[in-house]
Amino acid sequence: MTQTASDKAPLAPATSTTGHPDTDRELLSCHDPRTGELLGEYPVHTAADVADAVARAAEAGQWWAALSFAERRQHLDQWRRLLLHRQDELVNLISAETGKPADDARLELVLVIDHLHWAARNAARVLGRRKVPAGLLMANQVATLEYQPLGVVGVIGPWNYPAFTPMGSIAYALAAGNAVVFKPSELTPGVGHFLADTLAQVVGERPVLSVVTGYGETGAALCRSGVAKVAFTGSTATAKRVMAACAESLTPVLVECGGKDALIVDSDADLDAAAQAAVWGGMSNAGQTCVGVERVYVVEAVADRFIELVTARAGRLRPGGEPGADLGPITLPRQVDIIREHVRDALDRGGRAVVGGPESIRPPFVEPVVLVDVPEDAAAVTDETFGPTLTITRVADADEAVRLANASRYGLGGTVFARARGDELARALRAGMVAVNSVISFAAVPSLPFGGVGDSGFGRIHGEDGLREFARAKSITRKRFRVPLQPMTFDRGSRTVRRLMRLIQLRYRR
Ligand code: NDP
């Protein structure tokens, strides 16, 4: 059924975000990528609309920031219960807007719930006011540290995990006491509205979380709107534009970009488990996962057997639009050309397809493609493919695997399958997160920070670091009593600093 922004209330009330009626406004259309069915139309918000949304969020944010951690937790816990209560609606919406199978949408919801719970539960412990040691020189002071909210945080989200990925910023920013203005991808505006509208129900309709919809220009307007911080997830190219726009007003940014994550298989690995992980890591969500596996480096001694196992598993997978399909479609239509080009280039340059090939690309679906013998400088090895493809490269040993894995401008996640050297190899990978003997598991551990290095971005969502990312440290010293040695006054005696030096020597010279 086709819905417009104005008849979708309460999910997408025409005036929910900006206060302006939506007549005569440009609309963006949202389609089911499996069928092309029109799902809804949403306003293309202008810079003035975004400014309006940020102003309203700032007001709501003052109320939210003034609550105690315990009060905010109550609201966030209530939101979590409401999301669970309305899980079918959210799952259907995620499935319809991205095309992903219902169980994958459910998995996304599970992760949203777990992270929301963790952020709400741990905010007081991580950010709350505490005493810290004042040190020898300032022993007469009480030193306290707390992390205060930034104000309004702008979140710019992607379409591949339209609930889980932005919630990595939204849940943590809210738990830290900020208001959030969220610009979802133009492909997934309905999920954004669902999140905002369900939270509104538990906070008396205050726009603590509001949504602006539109294309890149709406996102750019959010960067220039004077928000206290922007949290962006998407491509490296767009991240640079986001940073440039934020630089104009010295707005800090957190950027989570793509990756070219490698999976390493050492000679003592459980090969069946490694093959299962490579296929899930590379093909689930049709390969549209920032921390998905894109490259595999397997030690020569076990390579033939490993490739056999991957081939058998990947060859069984079927993409489709039905709820039980293994993979959904490629959500972003123009991504199909990138996948096609990576496969074609790899084959032209001497690679071989052991599963699928150019004929696997049947828009909007792409069947699994597994490539071997691809040169290390081919786009299929260097650039983010974001499709259900894997390259498998044979290496002499795990050290060579680490060297090749690290020779990437990206550095988001990684995977190691090994018995003896698992932790050692994981620590040697230039990546923000690594799973040993499982795949992508770090993203489901709420206490672990998530983020990359190099072209994969910087800053961290999730975990304690993810809470602190949306807060500023506030340090306070309070004098408890007067001490005889007072070096920081013009009234100090001539010997004060020399006495201080003696004290320091006694304390620190050894
Ligand atoms: P983009 O990086 O272009 O978009 C991400 C978000 O940024 C969207 O909400 C987008 O809005 C918004 N945006 C676009 N231009 C601007 C701008 N100038 N200022 C502020 N915000 C802006 O990603 P795409 O969706 O186009 O995907 C392209 C590639 O990015 C993929 O092929 C994949 O490689 C990578 N990607 C990585 C993701 C990850 O999880 N790290 C997620 C998604 C994509 P709108 O959608 O309305 O244009």
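For the numbers below, each heavy atom of this structure counts, side chains included, while hydrogens, waters and symmetry mates do not.
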Exercise. Counting N and O atoms only, with roles assigned by atom type, does the side chain of Thr218 sit under 3.5 Å from a partner on the main chain of His45, one being a donor and the other an acceptor?
Worked result: yes
For this session: Can you measure from OG (Ser284) to CG (Asp103) and round to the nearest 0.5 angstrom?
Result: 12.5 Å
Problem set entry | Side chains of Val211 and Lys183 in contact at under 4.5 Å (non-hydrogen atoms) | no
Exercise. Would a 4.5 Å heavy-atom cut-off, applied to side chains only, mark Val44 and Thr213 as touching?
Worked result: no
Exercise. What heavy-atom pair brings Ala435 and Ser441 nearest, and what distance separates the two atoms?
Worked result: CB-OG, 3.5 Å
For this session: Provide the closest heavy-atom pair for Gly411 versus Ser456 in the form atom of the first, atom of the second, distance.
Result: N-OG, 2.9 Å
For this session: Return yes when atom CZ of Arg121 has more than 12 non-hydrogen atoms of other residues, nucleotides or ligands closer than 6.0 Å, and no otherwise.
Result: no
Seminar exercise, completed: Here the pair of heavy atoms bringing Glu376 nearest to Thr393 is OE2-OG1, 3.5 Å
For this session: Verify, without hydrogens or angle tests, whether Arg295 (side chain) and Ala405 (backbone) share a donor-acceptor contact under 3.5 angstrom.
Result: yes
For this session: Using a strict 4.0 Å threshold on nitrogen-to-oxygen distance, state whether Glu384 and Lys260 make a salt bridge.
Result: no
Problem set entry | Heavy-atom side-chain contact between Tyr410 and Thr382 under 4.5 Å | no
For this session: Assess the side chains of Ser95 and Asn92: does a donor N or O sit below 3.5 Å from an acceptor N or O?
Result: no
Problem set entry | Identified ring pair (Phe, Tyr, Trp, His ring centres under 6.0 Å) partner of His462 from the options Trp118, Phe470, Phe164 | Phe164
For this session: May I have the step-by-step check of side chain to side chain contact (heavy atoms under 4.5 Å, CB included) for His117 and Val112, ending in yes or no?
Result: CA-CA 9 Å; His117 175 255; Val112 164; over 6 Å; no
Problem set entry | Sequence-distant partners of Arg403, side chain to side chain contact (heavy atoms under 4.5 Å, CB included), two or more places apart | Glu400
Exercise. Which is it for Val181 and Val212 under the side chain to side chain contact (heavy atoms under 4.5 Å, CB included) test, yes or no, and what are the steps along the way?
Worked result: CA-CA 7 Å; Val181 176; Val212 289; 4.0 Å; yes
Problem set entry | Sidechain-backbone polar pair: Asp270 side chain, Ala273 backbone, donor-acceptor under 3.5 Å | yes
Exercise. Do side-chain atoms of Thr289 reach the backbone of Val291 as a donor and acceptor pair under 3.5 angstrom?
Worked result: no
Exercise. Is the shortest heavy-atom distance from the side chain of Asn437 to the side chain of Val416 under 4.5 Å?
Worked result: no
For this session: Could you walk me through whether Ile264 and Arg421 pass side chain to side chain contact (heavy atoms under 4.5 Å, CB included), step by step?
Result: CA-CA 11 Å; Ile264 292 175; Arg421 299 183 63 196; over 6 Å; no
Exercise. Roughly how far, to the nearest 0.5 Å, is the CZ atom of Arg427 from the CG atom of Leu425?
Worked result: 11.5 Å
Exercise. Does CZ in Arg349 sit with more than 12 non-hydrogen atoms of other residues, nucleotides or ligands closer than 6.0 Å?
Worked result: yes
Problem set entry | Any Arg86 side-chain heavy atom under 4.5 Å of Phe194 side chain | yes
Problem set entry | Distance (rounded to the nearest 0.5 Å) between Ile156 CD1 and Ser169 OG | 10.5 Å
Problem set entry | Rounded distance (nearest 0.5 Å) linking atom CG of Leu199 with atom CZ of Phe182 | 13.0 Å
Exercise. So does Glu367 pair up with Arg362, basic N to acidic O under 4.0 Å?
Worked result: yes
Exercise. Which pair of non-hydrogen atoms, one from Val208 and one from Asn178, has the smallest distance, and what is that distance?
Worked result: CG1-O, 4.4 Å
Exercise. Going by an N to O cut-off under 4.0 Å, is there a salt bridge joining Arg344 and Asp348?
Worked result: yes
For this session: State whether the side chain of Asp268 and the backbone N or O of Arg419 hold a donor-acceptor pair below 3.5 Å, judged by distance alone.
Result: yes
For this session: May I ask you to decide whether Arg409 forms a salt bridge with Asp455, counting only side-chain N to carboxylate O separations under 4.0 Å?
Result: yes
Seminar exercise, completed: Here the gap from Thr331 atom OG1 to His31 atom NE2, rounded to the nearest 0.5 Å, amounts to 14.0 Å
Exercise. Would you say Glu108's side chain and Ile94's backbone share a donor-acceptor pair under 3.5 angstrom?
Worked result: no
Exercise. Does the Glu294 side chain pair with the main chain of Phe386, one donor and one acceptor, at a distance under 3.5 Å?
Worked result: yes
Problem set entry | Sidechain-backbone polar pair: Asp397 side chain, Glu300 backbone, donor-acceptor under 3.5 Å | no
Seminar exercise, completed: By side chain to side chain contact (heavy atoms under 4.5 Å, CB included), Glu308 pairs with (sequence neighbours left out) Arg305
Exercise. Do Thr198 and Trp79 have side-chain atoms, one donor and one acceptor, less than 3.5 Å apart?
Worked result: yes
For this session: Check whether any side-chain heavy atom of Val374 lies under 4.5 Å from a side-chain heavy atom of Ile392, and answer yes or no.
Result: no
Exercise. Would Arg125 and Glu464 pass as an ion pair if we require N to O under 4.0 Å?
Worked result: yes
For this session: Check whether any side-chain N or O of Thr188 sits under 3.5 Å from a backbone N or O of Val191 as a donor-acceptor pair, and report yes or no.
Result: no
Exercise. Do Arg80 and Asp77 meet the salt-bridge criterion of a basic N to acidic O distance under 4.0 Å?
Worked result: yes
Seminar exercise, completed: Minimal heavy-atom distance between Leu28 and Glu186, with the atoms involved, is CD1-O, 3.5 Å
Exercise. Does any donor atom in the side chain of Thr385 or His342 lie under 3.5 Å from an acceptor atom in the other side chain?
Worked result: yes
Problem set entry | Heavy-atom side-chain contact between Val299 and Val395 under 4.5 Å | yes
For this session: Scan side-chain atoms only and decide if His115 and Tyr172 contain a donor-acceptor pair under the 3.5 Å cut-off.
Result: yes
For this session: Find out whether Asp345 and Glu341 are in side-chain contact, i.e. whether some heavy atom of one side chain is under 4.5 Å from a heavy atom of the other.
Result: yes
For this session: Taking only Lys NZ, Arg NE, NH1 and NH2, and the carboxylate oxygens of Asp or Glu, determine whether Arg460 and Glu469 approach each other closer than 4.0 Å.
Result: no
Seminar exercise, completed: All heavy atoms of Leu38 vs all of Ser29, minimum pair found to be CD1-CB, 3.5 Å
For this session: Using the side chain to side chain contact (heavy atoms under 4.5 Å, CB included) rule, take Tyr215 and Glu26 through it: C-alpha gap first, then chi angles, then the decisive distance, then the call.
Result: CA-CA 11 Å; Tyr215 302 100; Glu26 189 192 342; 3.9 Å; yes
Exercise. Mind checking what makes side chain to side chain contact (heavy atoms under 4.5 Å, CB included) contact with Cys290, not counting sequence neighbours?
Worked result: Leu412, Phe450
For this session: Ignoring hydrogens and angles, tell me if any N or O in the side chain of Thr98 forms a donor-acceptor pair with the backbone of Asn160 under 3.5 Å.
Result: no
For this session: Supply the atom-to-atom distance Leu263 CG to Ile440 CD1, rounded to the nearest 0.5 angstrom.
Result: 10.0 Å
For this session: Run through Leu347, Leu371, Asp373 and flag the one making a side-chain contact (heavy atoms from CB on, under 4.5 Å) with Arg352.
Result: Asp373
